[in-house]
Amino acid sequence: MANEQFDVTVIGSGPGGYVAAIRAAQLGLKAAIVEKDKRLGGTCTLRGCIPTKQLLMSAHVYEQMQHAADFGVQASEIQLAFADVQKRKDKVVMKNSKGIEYLMKKNSITRFNGTGRLALPGKVEITGEDGKKQTINTKNIIIATGSVVRPIPGFETDGARVVNSDHILELKETPKSLIVMGAGAVGVEFASVYSRFGAQTTIVELLPRLVPLEDEEVSQELERSFRKRGLKSQVGTRLEKMEQSDKGVVVTGKDGKGQEVKLEAEMLLVAVGRMPYTEGLGLEGTKIKVEKGFIKVDEYQQTGEKGVYAIGDVVPTPLLAHLASKEGVVAVEHLAGQKDVRPINLRLVPNCTYCDPEVASVGLSEAKAREEGYEVRVGKFPFSASGKARILGEEEGFVKIVSEKKYDEILGVHIIGPHATELIAEACVAMQLESTAEELGRTMHAHPTVSEAVMEAAEGVHGMSIHI
Ligand SMILES: Cc1cc2nc3c(=O)[nH]c(=O)nc-3n(C[C@H](O)[C@H](O)[C@H](O)COP(=O)(O)OP(=O)(O)OC[C@H]3O[C@@H](n4cnc5c(N)ncnc54)[C@H](O)[C@@H]3O)c2cc1C
């Protein structure tokens, strides 16, 4: 295999890397993928999107079963079999990883198991687990090495009582009580899983609200919803110290008013951030610029070295799987010399949080739109007025559409409630096609569906909602 010549070599097989390799093969390029992990799929498949959503699904089923009587179904002795929850999660993760292996073979992509290192110009050195090195020749390189958990000084994890998002996926038992540090997507999702599995859960956030990147009204609704479910939120609180106790872990800090906060639980999940991973890549001495750990790229994902691209969590755009994939496509189409390669429009990246109730958004929040000087109009429709939401027994939340007055263009869509993470795709399409709020409101939506709430919110921009 050594001295083999490739058109493109992708380092890392996460949703950025493997999608880039497939698009390269589709365009007739000879592609290679280098992965240091035994399994393909990266963070997304092995430690991120897929396993977390499977745990969330089990938590949802467990909760639904407990409320089966509300639907006229008597179910007794409902028990959580946590070992089986974990088995199912592992099975689904494995199936997805195998699916990627299959796609690599189907597209004739050469797979190298080992750690890739740039050996410019035009070479990648691969070190196998046994330490053996080989070098391959390549016209282009795509760096897709992703991110890893960021350690927080003073809150060092031990994998037992103090855990990070990797550890908590592998628990053998559910903790009786849990403190979650960080109320971003990862924090609220795990809080949502383990509180439904029975853990007394408190979520602590430094900023003044849960999911702080979302529209303010969404954060308020989520906090209300969590409170109703017995999930405590301690926002605007800086945790300063962590100590082990007989029961588990004690954390102390200060709230926004300077009052001392002290919390104790069997387990602490540190869910505050990730950092780009470029260790051992050999960037030193190259023209590739790194800022705060992230690789700097232009709109076509090109680094400072000709023929070297970077995509996904390792570049300074939001850390999301779907964005990594699309960046991979842009990089490959550019290096393949395709015409009309369209750089990513970062305004149209959907954000989804799969907690209960789900949260999803695209575009500008109301506050941000006003900050940017738009004359804003808002349409809002609550799920409590949706027939389908009543059927589901999931009436919390709303759809909020932020548009601007001059052209009626939709600037942002914010959803909290049933199937929010699916519904947001409609908003993405509407915004991609530069739809007006009126056009979205005039688009016929099937009845009864939760998507009618999107239509009604769009109608609401012009005060024309029917069902409120
Ligand atoms: C708990 C959790 C839940 C998440 N849920 C979601 C979600 O629901 N939706 C969403 O969009 N995003 C989610 N994310 C984020 C998502 O997982 C990442 O944005 C995504 O995986 C980034 O893809 P990537 O291809 O850039 O890198 P990664 O998926 O991190 O893959 C990088 C790969 O490169 C390999 N690698 C690194 N260095 C080398 C090297 N030198 N040689 C060879 N191989 C190397 C690594 O082993 C890894 O397999 C979640 C993340 C976490 C942690």
Side-chain angles (χ1 to χ4, degrees), residues 9-21 32-57 89 93 96-97 100 111-119 124-129 141-150 163-170 180 182 184-193 269-283 294-295 301 309-328 331 349-355 358-360 421 424:
T9 299
V10 185
I11 307 179
S13 73
Y18 84 78
V19 168
I33 193 158
V34 185
E35 173 55 61
K36 66 184 173 58
D37 207 313
K38 281 194 190 72
R39 290 185 287 167
L40 299 181
T43 307
C44 167
T45 305
L46 307 175
R47 295 173 294 277
C49 320
I50 300 297
T52 52
K53 271 74 234 175
Q54 185 58 59
L55 291 180
L56 280 153
M57 184 63 203
K89 178 211 71 188
V93 164
N96 276 274
S97 181
I100 297 167
R111 176 183 169 187
F112 293 94
N113 193 197
T115 302
R117 181 183 170 83
L118 306 191
V124 171
E125 181 191 82
I126 303 159
T127 309
E129 234 178 61
I141 297 168
I142 299 180
I143 301 171
T145 48
S147 64
V148 290
V149 169
R150 175 153 52 96
V163 297
N164 61 30
S165 66
D166 292 349
H167 304 129
I168 199 165
L169 286 170
E170 305 306 327
V180 177
V186 172
V188 296
E189 286 184 8
F190 280 116
S192 218
V193 167
L269 167 65
V270 184
V272 278
R274 297 181 61 80
M275 55 182 198
Y277 185 78
T278 53
E279 211 177 289
L281 253 185
L283 302 182
F294 291 101
I295 297 179
Q301 310 299 135
Y309 294 71
I311 59 169
D313 282 8
V314 82
V315 303
T317 51
L319 279 63
L320 292 166
H322 40 279
L323 179 56
S325 300
K326 289 292 187 211
E327 286 172 348
V349 179
N351 276 303
C352 291
T353 306
Y354 301 75
C355 51
E358 287 189 347
V359 170
T421 58
I424 202 66

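Note: hydrogens, waters and symmetry copies are ignored here, and every other heavy atom, side chains too, is used. From a predicted model like this one, the values you see are computed outputs, not experimental measurements. Remember, it's 1-based here, ligands and their atoms both numbered in the order they're listed.
For ligand 1 and Y277, the ligand atoms under 4.0 Å from any heavy atom of the residue are 37 (C), 38 (N). Near A144, meaning under 4.0 Å from any of its heavy atoms, are these atoms of ligand 1: 32 (C), 33 (C), 34 (O). Residue K53 has at least one heavy-atom neighbour below 4.0 Å for each of these atoms of ligand 1: 5 (N), 6 (C), 7 (C), 8 (O). Against a heavy-atom cut-off of under 4.0 Å, G12 is close to the following atoms of ligand 1: 33 (C), 34 (O), 35 (C). Interface atoms of ligand 1 facing G16, defined by a heavy-atom separation under 4.0 Å, are 25 (O). The atoms of ligand 1 that sit less than 4.0 Å from any heavy atom of E35 are 33 (C), 34 (O), 35 (C), 43 (C), 44 (N), 46 (C), 47 (O), 48 (C), 49 (O). Shown in contact with G42 at under 4.0 Å from a heavy atom are these atoms of ligand 1, numbered in order with element: 29 (O), 31 (O), 48 (C), 49 (O). Each of the atoms 42 (N), 43 (C) of ligand 1 lies under 4.0 Å from some heavy atom of G114.
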What verdict does the salt bridge (charged side-chain N to carboxylate O under 4.0 Å, His left out) test give for E170 and K89, after you've listed the backbone C-alpha separation in whole Å, the side-chain angles of each residue and the deciding distance to 0.1 Å? CA-CA 10 Å; E170 305 306 327; K89 178 211 71 188; 3.7 Å; yes

Stepwise, does the side chain to side chain contact (heavy atoms under 4.5 Å, CB included) test hold for L169 with L55? CA-CA 9 Å; L169 286 170; L55 291 180; 3.8 Å; yes

Just do the side chain to side chain contact (heavy atoms under 4.5 Å, CB included) check on R39 and V93 with the steps written out, would you? CA-CA 10 Å; R39 290 185 287 167; V93 164; 4.0 Å; yes

Applying side chain to side chain contact (heavy atoms under 4.5 Å, CB included), run through V149 and R47 and close with a yes or a no. CA-CA 11 Å; V149 169; R47 295 173 294 277; over 6 Å; no

Evaluate the side chain to side chain contact (heavy atoms under 4.5 Å, CB included) criterion for residues L283 and I295: first the C-alpha distance (whole Å), next the side-chain angles of each, then the deciding distance (0.1 Å), finally the verdict. CA-CA 10 Å; L283 302 182; I295 297 179; 4.0 Å; yes

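Protein heavy atom in closest approach to atom 30 (O) of ligand 1: T43 OG1, 2.6 Å. R274 NH1, 3.3 Å is the protein heavy atom nearest to atom 53 (C) of ligand 1. With hydrogens left out, the protein atom closest to atom 6 (C) of ligand 1 is C49 SG, 3.3 Å, a heavy atom. With hydrogens left out, the protein atom closest to atom 15 (C) of ligand 1 is L319 O, 3.7 Å, a heavy atom. The protein atom (non-hydrogen) at minimum distance from atom 51 (C) of ligand 1 is G48 CA, 4.0 Å. Scanning the protein for heavy atoms near atom 42 (N) of ligand 1, the closest one is G116 N, 2.8 Å. Closest to atom 26 (O) of ligand 1 among all protein heavy atoms lies D313 N, 2.9 Å.
Taking the side chain as every heavy atom from C-beta outward, R274 and S165 approach each other to under 4.5 Å. In this structure, I11 and L118 have side chains that are in contact, with non-hydrogen atoms separated by less than 4.5 Å.
Proximity of A185 to ligand 1, defined as any heavy-atom pair under 4.0 Å, is not found for any part of the residue.
Of the possible polar contacts, none joining the K326 side chain to the V349 backbone as a donor-acceptor pair under 3.5 Å is found. Side-chain atoms of N113 come within 3.5 Å of backbone atoms of E35 as a donor-acceptor pair (strictly under, hydrogens ignored). Side-chain atoms of Q301 never come within 3.5 Å of backbone atoms of E327 as a donor-acceptor pair (strictly under, hydrogens ignored). Remark: side-chain polar atoms of E125 are not paired, donor with acceptor, to backbone N or O of R117 under 3.5 angstrom.
Of the candidates T145, L323, V315, it is T145 that places a heavy atom closest to atom 37 (C) of ligand 1. Considering only non-hydrogen atoms, atom 27 (O) of ligand 1 lies nearest to G146 out of G273, P276, G146, P15. When the heavy atoms of C44, S13, G17 are ranked by distance to atom 17 (O) of ligand 1, first place goes to C44.
Residue K36 has at least one N or O atom closer than 3.5 Å to an N or O atom of ligand 1. An N or O contact shorter than 3.5 Å links L320 to ligand 1 by distance. For ligand 1, the polar-atom distance check finds an N/O of A321 within less than 3.5 Å of one of the ligand's N/O atoms. Looking at ligand 1, you won't find any N or O of T115 less than 3.5 Å from one of its N or O atoms. Checked by distance only, ligand 1 and S165 stay at 3.5 Å or farther apart across all their nitrogen or oxygen atoms.
For Y354, the closest heavy-atom approach to ligand 1 falls below 4.0 Å. Heavy atoms of S147 approach ligand 1 to within less than 4.0 angstrom.
For the side chain to side chain contact (heavy atoms under 4.5 Å, CB included) with F190, the lone residue among L269, V163, L56 that qualifies is L269. Test T45, I100, L46 against L40 for side chain to side chain contact (heavy atoms under 4.5 Å, CB included) and you get one pass: I100.
With values rounded to the nearest 0.5 angstrom, T317 atom OG1 is found 8.0 Å from F294 atom CZ. T9 OG1 to I126 CD1: the interatomic distance, rounded to the nearest 0.5 Å, is 7.0 Å.
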